[in-house]
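What follows is a short report on a single structure.
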Amino acid sequence: MVSLSIDKNKILLLWGPFLIITGSILFDLLNGFIQLVLNNDFSVGVLYRGVILMLLLPYILKKRTLFFYAFIFILFFFLISNYVWLLSQPFYNSFFEIKMLSRSLYLYVITSFFIYCHKTLEIKKLLQFVVWFGVLGGSAIIFSFFTGIGLDTYGDYSFGVKSFFPAQNDTSLALLLSLVITIYIFLKKRKVLHFIYALIITAGCFFLGTRAGMGGSIMVWVSVVFGLLLFKFRDVSFTKFTKAVVFLSFLIVLFIGASFALRILVENQYLLNKFTVEALVGGHARGWLAEAGQRIISESNFMEFLFGHGKFAHSLKINYLGEMNYNELSQAEVDHLDYIGSY
């Protein structure tokens, strides 16, 4: 009788990066489909990340490193903070607080996982997973744009669709990162397939209709075009003819993309307002959120400044100060304001 021994550690090291990077976007799409099309509140995305969190947690607890002690401190401080919020804040929701903490811990845990096993990971595979992430995300947005299946980015009053992704700005930044890596791989390998991948991701950024997606993708292509013209890449070599062909191809993509963006901006006043000098210099299309976040911090007492207000109370107070009546909780959407105000 043959006995099969399975090394769970090797399996996790082999499949972990794929599940974290590429698998997450598949489950985000599935999660959006279930909630938006099937009208079911069950969150597959939360369950998926919860499983990954439990699988990767041993990498933090295995050794008494700085990550281990920091993890213990975060949990200890979180417990104390929840007790303070329960006694001092008029609004408190323990389930919401745990849910928001798990999101921060997820990033912390996967970061520690990559640091722990960085010697066994292949950079080429990691980069390819990021490319697949962008292609899947871009393809989903393109599909929703032409079929009408999925969510509009800003509702009926502006251009853009975000498919089944709930957070358009997060999606924009993730696609931009994937676009940069995809273009880099194309320049290094010069395979037409990677150029097509870059076009798919770029189209996804444009059809998403966000300032970060459209403006960011144009800036990426501008940087690459001028980079090819002015600099020599250390690990990318071209003949003069090949460099001329690549440069011309990128220039055509940039021209088409810029022309498309200009036409969209002219036809959509709401989107055009997000690209005004005032909006760009202000750094936020909805400045009242940041102003509310700053006011909450400035009016905090010593205990609130030390322990924060809690995510739930912080979100409600932002809406109250902005005199808004949203069904969804709001954030200042400025990272340091949200973290100081909440924690």
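Excluded from the calculations below are hydrogen atoms, water molecules and symmetry mates; all remaining heavy atoms, backbone and side chain alike, are included.
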>> Under 6.0 Å between ring centres: does that hold for F96 and F312?
In response: yes
>> What I'd like to find out is whether the side chain of F207 reaches to under 4.5 Å of the side chain of F146, using heavy atoms alone.
In response: yes
> For S112, which residues count as a side-chain hydrogen bond (donor to acceptor under 3.5 Å, both in side chains) partner, sequence neighbours excluded?
Replying inline: none
>> Please find the pair of heavy atoms, one from W85 and one from E97, that lie closest to each other, and give the distance.
In response: CZ3-OE1, 3.6 Å
> Any idea which heavy atoms bring A198 and T182 closest together, and the distance?
Replying inline: N-CG2, 3.6 Å
> Distance from I185 atom CD1 to K124 atom NZ, nearest 0.5 Å?
Replying inline: 10.5 Å
> Has the side chain of S144 got a donor or acceptor atom that lies under 3.5 Å from a matching backbone atom of I141?
Replying inline: no
> Between A140 and L29, which heavy-atom pair has the shortest distance, and what is it?
Replying inline: CB-CD2, 3.6 Å
>> Taking the side chain as everything from C-beta on, heavy atoms only, tell me whether F164 gets closer than 4.5 Å to I149.
In response: yes
> Given the rule that I, L, V, M, F, W and Y join up when any side-chain heavy atoms are under 4.5 Å apart, are I98 and L87 in one cluster?
Replying inline: no
> If two hydrophobic side chains count as joined below 4.5 Å and joins carry through other members, does Y69 share a cluster with I115?
Replying inline: yes
Distance-only criterion, 3.5 Å: show the donor-acceptor pairs between side-chain atoms of residues 72-84 and protein atoms not counting sequence neighbours.
residue : atom : partner : partner atom : Å
S81     : OG   : F77     : O            : 2.8
N82     : OD1  : Y92     : OH           : 2.7
N82     : ND2  : F78     : O            : 2.7

> What distance do T202 atom OG1 and M214 atom CE have between them, rounded to the nearest 0.5 Å?
Replying inline: 12.0 Å
> Looking only at heavy atoms, which two atoms of S217 and L176 are closest? And how far apart?
Replying inline: N-CD2, 3.3 Å
> When hydrophobic residues are tied together by side-chain contacts of less than 4.5 Å, even through go-betweens, does L248 share a cluster with V220?
Replying inline: no
> Apart from F95 itself, what residues make up its hydrophobic cluster, given side-chain heavy atom links below 4.5 Å?
Replying inline: none
> How many angstroms lie between OH in Y106 and OG in S24, if you round to the nearest 0.5 Å?
Replying inline: 5.5 Å
Side chains of residues 45-58: which donor-acceptor pairs under 3.5 Å do they make with residues two or more places apart or in other chains?
residue : atom : partner : partner atom : Å
Y48     : OH   : L19     : O            : 2.5
R49     : NH1  : D28     : OD1          : 2.9
R49     : NH2  : D28     : OD1          : 3.4
R49     : NH2  : D28     : OD2          : 3.0

>> Between F129 and I20, is the side chain to side chain contact (heavy atoms under 4.5 Å, CB included) condition met? List the steps.
In response: CA-CA 9 Å; F129 292 155; I20 293 170; over 6 Å; no
> With sequence neighbours left out, which residue pairs that include part of residues 245-260 fulfil the side-chain hydrogen bond (donor to acceptor under 3.5 Å, both in side chains) condition?
Replying inline: none
> Roughly how far, to the nearest 0.5 Å, is the CD1 atom of I25 from the CG atom of N31?
Replying inline: 12.5 Å
> Heavy-atom count around F91 CZ within 6.0 Å, excluding the residue itself: above 12?
Replying inline: no
>> According to side-chain hydrogen bond (donor to acceptor under 3.5 Å, both in side chains), who are the partners of S172, at least two apart in sequence or on a separate chain?
In response: T210
> Do you know which two heavy atoms are closest between I200 and S139, and how far apart they sit?
Replying inline: CG2-OG, 3.6 Å
>> Measuring only between side-chain heavy atoms, which start at C-beta, is L208 closer than 4.5 Å to Q168?
In response: yes
>> Is it the case that the side chain of S178 and the backbone of F133 share a donor-acceptor pair, with hydrogens and angles ignored and the cut-off at 3.5 Å?
In response: no
> Just how far is it from atom CD1 of I181 to atom NE2 of H194, taken to the nearest 0.5 Å?
Replying inline: 11.0 Å
>> Minimum heavy-atom separation for F195 and V253, please, with both atom names.
In response: CZ-CG2, 3.8 Å
> Going by heavy atoms in the side chains, are F206 and I218 under 4.5 Å from each other?
Replying inline: yes
> Do F255 and I183 belong together in a cluster built from hydrophobic side chains that touch within less than 4.5 Å?
Replying inline: no
>> Rounded at 0.5 Å granularity, tell me how far OH in Y197 sits from NZ in K191.
In response: 10.0 Å
>> Applying a strict under-4.5 Å side-chain criterion to I, L, V, M, F, W and Y, I'd like to know whether I196 and I252 cluster together.
In response: no
